Peer 1: 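One structure coming up, written as structure tokens, with questions to follow.
Predicted model only: the values in this text are computed from it and were never measured. Chain letters run A, B, ... following the sequence lines, proteins first, then strands; residues in each count from 1.
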Protein chains: 2
Amino acid sequence: MPMLVPGGSLLERAQDLLPKLYESTIYPREAVQVIADETAFQGWRMQPQSAVEDVLDRTYNSNESFILDFGDHHVGYVSFSVRAAGSPQDAPLRLKLVFGEMPCEMGEEFDSYNGWLSRSWLQDEVIIIDVLPQRIELPRRYTFRYMKVIVLSTSQKYKVQFADIQARAVTSGNLAEVKPLPAGLPADIAEMDRIGIRTLQNCMHTVFEDGPKRDRRLWLGDLRLQALANYYTFNNHDLVKRCLYLFAGLRADQGQISACIFEQPEPHADDTFLFDYSLFFASTLYDYYNATKDKATAELLWPAAKDQIRFALERVDDRGIVRDDPQWWCFVDWHPELNKQAPAQAVLIYCLKRARLLAQELSELELSSMLSMEIDRLTQAALEYLWDENLGYFISGEDRNLSWASQIWMVLAEVPDKEDRAELLDRLFIDPPTVAPMTPYMVHHLIEALFEAGKKEKALDEMRKYWGEMIKDGADTFWEVYNPDDKKMSPYGSNLINSYCHAWSCTPTYFIRKYLI
Amino acid sequence: MPMLVPGGSLLERAQDLLPKLYESTIYPREAVQVIADETAFQGWRMQPQSAVEDVLDRTYNSNESFILDFGDHHVGYVSFSVRAAGSPQDAPLRLKLVFGEMPCEMGEEFDSYNGWLSRSWLQDEVIIIDVLPQRIELPRRYTFRYMKVIVLSTSQKYKVQFADIQARAVTSGNLAEVKPLPAGLPADIAEMDRIGIRTLQNCMHTVFEDGPKRDRRLWLGDLRLQALANYYTFNNHDLVKRCLYLFAGLRADQGQISACIFEQPEPHADDTFLFDYSLFFASTLYDYYNATKDKATAELLWPAAKDQIRFALERVDDRGIVRDDPQWWCFVDWHPELNKQAPAQAVLIYCLKRARLLAQELSELELSSMLSMEIDRLTQAALEYLWDENLGYFISGEDRNLSWASQIWMVLAEVPDKEDRAELLDRLFIDPPTVAPMTPYMVHHLIEALFEAGKKEKALDEMRKYWGEMIKDGADTFWEVYNPDDKKMSPYGSNLINSYCHAWSCTPTYFIRKYLI
């Protein structure tokens, strides 16, 4: 039973919107070997080994194994048949199954993992089968292109043979809803669009998940970008609505919206609150209204959006500047050297501007003019206290942190004038601040800023340098983490645990369909 | 579907006799620590640590663990509840569960196991729980006194807490059927009886299993001893009948009875055939008839018994001696130096004598007199070719192998005269052959021979030296393998894989109830 918090009825609406999952049966395409290769991405490449039939024809003894390649990135439920060959099965069968989005997950030992996120995200199972033959339907959902089967122990008397290895892939994104691109676009752009769509689709389940391998849950920062891409592709508006209801229905006691939501065993909010993520509820609601004109939902969720604005404004000091905090209070990007004050100031202005548009749509004119006053105050304060005329850059925090993020967000919030914004963006490439974008999430905002500033060619160029390079490095879906200059990078201490199909990386399709066609 | 071999209707009868399983709920008694201690059996002892409540009150982080002691040996299905404590569960929970009959299974790493039986018999599981709280009902049956829970991975945000750890113990042996011992027996004898009964009970499921941890199946050699003990304790005659039907119904093409039967997914026979085990079908049927006077069953199964006698006699050479074989053709005992020819000769005579009794009961007088002739021929041949007058022992095989087994089985088959048998048994203890009894199974036959020769005190003395010593070494149920002079011995290369509740070791209760009260 959902908790009977004040948002209870919102939660019921959310549960009524549980989406249909589209299912498809997928099969392995071939058997492959993973080869250590320093010249390959992360040091591993896949090499075709044999037809799947050859794997199924063989019998396997203890300590023998094979790797199957399903040909693309999938999310779903795996099943297979296994039987004893030779003498009757005189001992249980012990199998290890390893699922991986990427070659590194097939090549590296999970047990040597030493990152700071839970080892439990790495997708392996040891299963023990007392009776053969057996149809095994693995109950957990896996996110994978590759499946490794290691026969840990049969006995001296029997071997095993596999058959009908397949998966039931699931998604709430219906590809039939996605319009084909117009003809004539460059092939690499079409491919970027296709992979962005695949990324979004594989993150669409009963909520917009951030990553189907990890963390498998609804984060507001990811939802905002997924929803934007969704309006140009799958048009699953009910899924966006469900997610907004969940966030609003699970507000904390004072009305704060959590950074993320867990669906099981019943929907509940995490105890993580982030300044920018909470505020994005307002801009995500604005985007939803803008895409759907669904005024009833906007009205119902508007109080939750106002709550976030109220909390954010409480954080503003007498000068009109968002107070900094040494804790993890605002996300913006993963960079360890990034100070969040200036980006947070800009995110606040950005969201207030969208809230003001919603207030106008909902005829809250008094609130609208109050928001206008706040926007002016915050903008003036940003220019007065955060802009460094000598540097030509916005600085952030007591230590005057100089980052791309501050500039990008100030541009997106339209704090400088239009001409100054264009100039500021140009300057980033001429005299780049050392604290650079670290994630596709931050790169998204750079690209968005470039497009909004009319710098279409530069935006496309940067997309090619980033997502285009990811494709060259083997992306079937776009990744959570990517640094073309440090390809083994992980904010978590191991590239094994990175998510290789990640919501915030899906937006090339949004850019292509919004700005290029 | 069972195979439609000529014995099909026997199989249907077997399945109609599937027994009721008696269930009881058991709980851990206390939390314990396993301590390496060279003075303890196999180098490990258990030390009480805390009340179970203390374990359940605590919350556990990654890499924390506890061991629960259920106070006795049990066979059943384990369940427990687990919930997240602290922040919401933000990653799957990864648990390792280890079940053990003995302290060594709690103290030693299964992954270092290097024996020749399958590692899959060692009872551990890694389970991954995506959603908490959860009631976990482990689907596999475990055989254990101890349960170790290792929290492999939570996350940095949550811990876990356990509750309601319990098991549903199962057996087809109803303790209410077992008569109490008369008062006044020595305490150690009463304890040997109790543990023998517990051993038998924990091997009684839908068949008489050899060991509930390993191999969990119906072996004819074990069945013979279990049935004997059953007639003095549980009196589950239908279970014996079911097992006999299974063996007879699953005869190979030519009518041979396999050494063991698998029940799942449908009853099927192993491809292992052992000279002595096949023959024991006849003596086990005789014992069943003797205990129950169930003539209808004896008649129905008599053709299967005759098949085994026919096969065995085909192995007899012109001299009247069973032909030897370098392969694994006859069990007798595990000793690697044991030649099987003389024991096989004796087992054949032993079984023919019981078959003759059955033939008489079933009024097959012609067969009975044919069997008498064979018994005489085989007995004379044994005395002529296998008896070494100078040694005063039966020898076996081309290399004149000298073993306890040959003497014991010749005594049980009553090949020498009554007085010579008594003398032969005495000689074993004065001038012992080097190939000594290796298993409780062989020790059983020694004790039986001593009792049958009227050497009650000596028999009791040997029981105390063997099963009594096992009790001192911590047996909750009697073991598959035990050598008081080499306590880490295993015929399989690791004491971890030994079965510590094993059918063929249950017979102290049979001896006590048959010969001592």
Peer 1: Quick one: what part of A/Glu263 sits under 4.5 Å from any heavy atom of chain B, side chain, backbone, both or neither?
Peer 2: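 Neither part, no heavy atoms under 4.5 Å.
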
Peer 1: Starting from the C-alpha separation in whole Å, work towards a yes-or-no answer on side-chain hydrogen bond (donor to acceptor under 3.5 Å, both in side chains) for B/Ser79 and B/Arg168.
Peer 2: CA-CA 8 Å; B/Ser79 60; B/Arg168 179 169 52 87; over 6 Å; no

Peer 1: Measure from the side-chain N and O atoms of B/Trp504 to the backbone N and O of B/Glu480, and report whether any donor-acceptor pair falls under 3.5 Å.
Peer 2: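 Yes; at least one donor-acceptor contact below 3.5 Å.
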
Peer 1: Using heavy atoms and a sub-4.5 Å threshold, report which of residues 205-222 of chain A line up against chain B, by residue number.
Peer 2: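 Those residues of residues 205-222 of chain A which have a heavy atom under 4.5 Å from chain B are A/Arg216, A/Arg217.
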
Peer 1: Report yes or no: do A/Asn498 and A/Ser490 form a side-chain donor-acceptor pair below 3.5 Å?
Peer 2: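 Yes, a side-chain donor-acceptor pair sits under 3.5 Å.
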
Peer 1: Look only at the side chain of A/Glu105 and the backbone of A/Met102, and say whether a donor-acceptor pair between them is shorter than 3.5 Å.
Peer 2: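 Answer holds: yes.
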
Peer 1: If you take all heavy atoms of B/Gly100 and B/Met106, which pair is closest and at what distance?
Peer 2: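 Minimum heavy-atom contact is N-CE, 3.4 Å.
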
Peer 1: Kindly determine whether A/Phe66 and A/Tyr60 satisfy ring pair (Phe, Tyr, Trp, His ring centres under 6.0 Å), including the steps that lead there.
Peer 2: CA-CA 9 Å; A/Phe66 56 87; A/Tyr60 290 85; 5.0 Å; yes

Peer 1: Under 4.5 Å heavy-atom distance to chain B, tell me which part of A/Thr154 shows up: side chain, backbone, both or neither.
Peer 2: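 The backbone, not the side chain.
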
Peer 1: Report the option among B/Val126, B/Asp270, B/Thr272 that has the most heavy-atom pairs separated by less than 4.5 Å from atoms of chain A.
Peer 2: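 Top count of heavy-atom pairs under 4.5 Å with chain A: B/Asp270.
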
Peer 1: Between B/Arg141 and A/Asp130 (salt bridge meaning N to carboxylate O under 4.0 Å), is one present in this structure?
Peer 2: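 Looking at A/Asp130 together with B/Arg141, the answer is no, because their closest N to O distance does not fall below 4.0 Å.
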
Peer 1: If we check salt bridge (Lys or Arg N to Asp or Glu O under 4.0 Å) with A/Glu125, which of these qualifies: A/Arg140, A/Lys148, A/Lys96?
Peer 2: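 Option passing the salt bridge (Lys or Arg N to Asp or Glu O under 4.0 Å) with A/Glu125: A/Arg140.
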
Peer 1: Give the ring-plane orientation class for B/Trp334 versus B/Tyr492, where under 30° counts as parallel, over 60° as perpendicular and anything between as tilted.
Peer 2: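 Geometry flag for B/Tyr492 against B/Trp334: perpendicular rings.
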
Peer 1: Is it the side chain or the backbone of A/Gln156 that comes within 4.5 Å of chain B heavy atoms, both, or neither?
Peer 2: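 Interface part for A/Gln156: side chain.
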
Peer 1: If contact means a heavy atom pair closer than 4.5 Å, which residues of residues 110-119 of chain A contact chain B?
Peer 2: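 Answer by number: A/Asp111, A/Trp116, A/Ser118, A/Arg119.
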
Peer 1: So, for B/Ala269 and B/Phe262, which heavy atoms are closest and what is the spacing to 0.1 Å?
Peer 2: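 The pair with the smallest heavy-atom distance is C-CD1, 4.4 Å.
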
Peer 1: Can you classify the ring geometry of B/Phe99 versus B/Phe144 as parallel (below 30°), tilted (30 to 60°) or perpendicular (above 60°)?
Peer 2: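 Rings of B/Phe99 and B/Phe144: perpendicular, over 60°.
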
Peer 1: I need the B/Cys260 SG to B/Leu274 CG distance, nearest 0.5 Å.
Peer 2: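 Reported to 0.5 Å precision, the distance equals 8.5 Å.
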
Peer 1: Among A/Leu152, A/Asp124, A/Ile129, single out the residue with the greatest number of heavy-atom pairs under 4.5 Å to chain B.
Peer 2: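 Result: the option with the highest number of such pairs is A/Asp124.
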
Peer 1: Determine, stepwise, if the pair A/Leu93 / A/Leu132 fulfils side-chain contact (heavy atoms from CB on, under 4.5 Å).
Peer 2: CA-CA 8 Å; A/Leu93 170 63; A/Leu132 295 176; 4.2 Å; yes

Peer 1: Check whether A/Ile127 gets within reach of chain B through its side chain, its backbone, both or neither, counting any heavy atom under 4.5 Å.
Peer 2: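 When you check distances to chain B, no heavy atom of A/Ile127 falls under 4.5 Å.
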
Peer 1: Using a 4.5 angstrom heavy-atom cutoff, name the option from A/Ser155, A/Pro92, A/Ser153 with the most pairs to chain B.
Peer 2: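 Most heavy-atom pairs within the cutoff with chain B belong to A/Pro92.
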
